[in-house]
Amino acid sequence: MLLDCMVQKLDQKLPVANEYLLLSGGVREGVVDIDLDELNVYARGTDYDMDFTLLVPALKLHDRNQPVTLDMRHSALCHSWLSLRLFDEGTISKWKDCCTIVDHINGATNYFFSPTKVADWFYESISIVLSEIQKKPQRGMPKVEKVEKNGTIISIILGVGSSRMLYDIVPVVSFKGWPAVAQSWLMENHFWDGKITEEEVISGFYLVPACSYKGKKDNEWRLSFARSEVQLKKCISSSLMQAYQACKAIIIKLLSRPKAISPYHLRSMMLWACDRLPASYLAQEDYAAHFLLGLIDDLQHCLVNKMCPNYFIPQCNMLEHLSEDTVMLHARKLSSVRSDPAEHLRTAIEHVKAANRLTLELQRRGSTTSIPSPQSDGGDPNQPDDRLAKKLQQLVTENPGKSISVFINPDDVTRPHFRIDDKFF
């Protein structure tokens with residue numbers, strides 16, 4: 001987050017007092033609906049030990065007391081172009097170099113916020129900041145192991161003590177309120193009714209830099225309900241979440257090629273199952289195995305029918321673009337899982353154990369071979385260690401389903417900036 005604070009100071013493009021959403025798990029884990037085709041493959045244990053996704057608002061529209069109407073005339077469902085006409089002249093002047101320009105017959109010029117150009121700008125800005133940091137290294141700063149641009153995502157691996165933390169940084173547009181295209185979803189009955197308030201669920205949404213299968217990459221953004229999904233997780237039983245994690249571990253390995261099914265599809269199916277099944281059944285603490293089989297069956301059904309509705313915009317079929325050959329290939333793979341789920345789960349668990357063993361071995365080597373630098377006496381209290389990594393992991397794991405936001409004011413980074421739901425830390 002300090003890195004993004006320094007990026008803001010470069011050209012003052014980012015909002016001054018910004019609110020970031022920190023999610024446990026990287027983009028490859030399906031925490032946001034972004035296509036994985038352009039992402040490099042990172043392996044837990046080999047490349048990193050913990051992974052997070054950080055949503056960084058490039059623009060904010062926060063003063064809306066009515067449904068937000070987006071320009072979806074040029075896009076597929078769940079996608080939109082974003083005209084800067086919604087913003088003031090100062091914002092247009094600041095961001096027009098990250099826009100595509102459309103001239104109208106009447107002589108007016110319209111600037112459309114470009115996800116690809118924003119991602120390019122963000123990557124270049126981060127590279128400049130990191131270059132400056134390397135010129136003037138400071139004790140206590142995490143070591144930058146890797147910085148890569150994966151499509152519209154910037155992936156950074158930081159070495160903190162003997163731990164390596166992967167951050168997938170996603171530039172987004174942040175909205176308060178709820179999109180008009182998803183208004184009908186609020187009229188239906190849902191599993192979270194009476195457990196959390198509607199105000200908590202519809203507090204805001206994002207546009208993330210991802211386009212539809214036939215969309216224009218330079219202009220099209222995808223609607224994301226990541227903040228709402230954080231709230232909905234509060235209402236999901238621990239046994240169902242356990243089954244979801246197990247199923248996700250299986251499909252990440254089994255269905256990785258060709259790219260068709262992502263963990264986000266599985267998450268959507270789980271939310272639909274919560275709406276469909278009785279709450280008393282889902283509350284059974286010892287039904288994790290039943291739930292795992294159910295998720296596999298639901299996924300199989302979606303593939304065979306080439307139909308996976310977006311949970312918030314059901315008229316959007318997230319599998320519509322897949323070929324018949326691809327869905328049948330994955331359906332056959334899932335049939336082998338369904339015939340012997342225990343064996344596939346054991347294989348997935350062994351992969352996790354192997355990654356953990358590799359992490360421990362690398363940490364052991366690091367602790368035995370590291371030699372204090374000439375500038376350090378080996379006991380410097382500012383030297384990075386595992387405490388930051390463990391604190392961050394503890395913050396996320398001890399607050400399941402809670403919204404963890406980070407507020408950064410570049411002119412005052414000394415104040416507490418973690419917010420968990422409505423409490424500040």
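In this text, all values refer to a predicted model and were calculated from it rather than measured experimentally. Just so you know, residue 1 is the first one in the sequence shown, and it goes up from there.
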Taking Ala331's backbone N and O only, do any of them form a donor-acceptor pair with Ser335's side chain (distance below 3.5 Å, no angle check)?
yes

State, to 0.1 Å, how close Ile34 and Arg222 come at their nearest heavy-atom pair, and which atoms those are.
CA-NH1, 4.0 Å

Using atom types as modelled and distance alone, determine if a side-chain donor or acceptor of Ser75 lies under 3.5 Å from a backbone N or O of Met72.
no

Trp121 and Trp95, any side-chain heavy atoms less than 4.5 Å apart
yes

Step through the shown structure and confirm whether more than 12 heavy atoms of other residues, nucleotides or ligands are within 6.0 Å of NZ on Lys217.
no

Scanning both residues in full, the closest heavy-atom pair of Leu232 with Phe312 reads CD1-CZ, 3.9 Å

Do side-chain atoms of Asn150 reach the backbone of Asn40 as a donor and acceptor pair under 3.5 angstrom?
yes

Using the side chain to side chain contact (heavy atoms under 4.5 Å, CB included) definition, which of the options Leu319, Leu266, Val327, Leu334 pairs with Ile261?
Leu319

Verify whether the ring centers belonging to Tyr311 and Tyr264 lie closer than 6.0 Å.
no

Atom pair OG/CD1 of Ser184 and Ile313 - distance to nearest 0.5 Å:
8.5 Å

Using the test side chain to side chain donor-acceptor pair (under 3.5 Å), find all partners of Ser228 that sit at least two apart in sequence or belong to another chain.
none

Any luck finding a side-chain donor-acceptor pair between Thr100 and Asn219 under 3.5 Å?
yes

Leu61 versus Val68: any side-chain heavy-atom pair under 4.5 Å?
no

Can you confirm whether more than 12 heavy atoms, excluding those of Gln242, are under 6.0 Å from its CD atom?
no

Please tell me if the side chains of Ser268 and Met318 come closer than 4.5 Å, counting only heavy atoms from C-beta onward.
yes

Quick one: are Leu322 and Tyr213 in side-chain contact, heavy atoms under 4.5 Å?
no

Could you please spell out the steps behind the side-chain contact (heavy atoms from CB on, under 4.5 Å) verdict for Leu223 and Asp33?
CA-CA 9 Å; Leu223 275 75; Asp33 182 15; over 6 Å; no

With sequence neighbours excluded, give me every salt bridge (charged side-chain N to carboxylate O under 4.0 Å, His left out) pair touching residues 320-332.
Lys306-Glu324

Would you call Lys117 and Asp218 a salt bridge, using N to O less than 4.0 angstrom?
no

Quick check against the 3.5 Å criterion: does Arg164 have a side-chain atom that pairs as donor or acceptor with the backbone of Gly45?
yes

Could you check whether Glu19 pairs with Lys60 (Lys NZ or Arg NE/NH1/NH2 to Asp/Glu carboxylate O, under 4.0 Å)?
no

Test Leu292 against Ile296 for side-chain contact (heavy atoms from CB on, under 4.5 Å), laying out the working first.
CA-CA 6 Å; Leu292 173 58; Ile296 294 172; 4.2 Å; yes

Measure across Ser162 and Asp49 and return the closest heavy-atom pair with its distance rounded to 0.1 Å.
O-OD2, 3.9 Å

Determine whether Cys274 and Leu240 satisfy the following criterion, side-chain contact (heavy atoms from CB on, under 4.5 Å), listing intermediate values before the conclusion.
CA-CA 9 Å; Cys274 289; Leu240 179 54; 3.5 Å; yes

Taking Asp47 for the side chain and Tyr42 for the main chain, is one N or O donor matched with an acceptor at less than 3.5 Å?
no

For Trp185, the option from Trp178, Trp272, Phe225 that meets ring-ring contact (aromatic ring centres under 6.0 Å, His included)
Trp178

Ser127 side-chain N/O to Tyr123 backbone N/O, donor-acceptor pair under 3.5 Å:
yes

With rounding to the nearest 0.5 Å, note down the distance linking CG in Asp71 to CG in Leu82.
9.0 Å

Shortest non-hydrogen separation from Pro314 to Pro309 and the atoms involved
O-CB, 3.4 Å

Counting neighbours of NE2 on His301 that are heavy atoms of other residues, nucleotides or ligands and sit closer than 6.0 Å, is the number greater than 12?
no

Within the 3.5 Å criterion, strictly below it, is a donor on Asp168 or Thr53 matched to an acceptor on the partner's side chain?
no

Lys234 versus Lys195: any side-chain heavy-atom pair under 4.5 Å?
no

So, does Thr152 use its side chain to make a donor-acceptor pair with the main chain of Ala119 at under 3.5 Å?
no

Under 3.5 Å donor-acceptor pairs involving side-chain atoms of residues 201-212, not counting sequence neighbours:
residue	atom	partner	partner atom	Å
Tyr206	OH	Arg227	NH2	2.8
Ser212	OG	Gly215	N	3.2
Ser212	OG	Glu220	OE1	2.6

Can you list the residues that meet the salt bridge (Lys or Arg N to Asp or Glu O under 4.0 Å) rule with Arg85, with sequence neighbours excluded?
none

Residue set satisfying side chain to side chain donor-acceptor pair (under 3.5 Å) with Ser323, at least two apart, ordered chain then number -> Thr326

Look up atom CD1 in Ile157 and atom NZ in Lys143, then write down how far apart they are to the nearest 0.5 Å.
12.0 Å

Please, which pairs that meet salt bridge (charged side-chain N to carboxylate O under 4.0 Å, His left out) have at least one residue in residues 145-157, sequence neighbours excluded?
Asp120-Lys149

Side chains of Leu86 and Phe113, heavy atoms from C-beta outward: is any pair under 4.5 Å?
no

So CE of Met270 and SG of Cys247: to nearest 0.5 Å the spacing works out to 10.5 Å

Measure the shortest side-chain to side-chain distance between Glu229 and Arg267 over non-hydrogen atoms and say whether it is less than 4.5 angstrom.
yes

Using side-chain heavy atoms (C-beta onward) and a distance below 4.5 Å, is Thr109 in contact with Ile101?
yes

Any sub-3.5 Å donor-acceptor pair from Asp275's side-chain atoms to Phe191's backbone N or O?
yes

I'd like to know whether Ser125 forms a side-chain contact (heavy atoms from CB on, under 4.5 Å) with Lys13, so could you lay out the CA-CA distance, the side-chain angles of the two residues, the decisive distance to 0.1 Å, and finally the verdict.
CA-CA 11 Å; Ser125 299; Lys13 271 185 163 68; over 6 Å; no

Between Ser83 and Asn110, is any side-chain donor less than 3.5 angstrom from a side-chain acceptor?
yes

CZ of Arg28 to CG of Leu166, rounded to nearest 0.5 Å, is 6.0 Å

Distance-minimising heavy-atom pair for Ser24 and Phe52
CA-CD2, 4.1 Å

Answer yes or no: does atom CZ of Arg73 have more than 12 heavy-atom neighbours from other residues, nucleotides or ligands under 6.0 Å?
no

Which heavy atom in Ile156 sits nearest to a heavy atom in Leu158, and how many Å separate them?
CG2-CD2, 3.6 Å

Heavy-atom donor-acceptor pair, His265 side chain to Pro263 backbone, under 3.5 Å
no

Taken to the nearest 0.5 Å, the spacing of Leu70 CG from Ser80 OG works out to 4.0 Å

What do you reckon, are the aromatic ring centroids of Trp221 and Phe112 less than 6.0 Å apart?
no

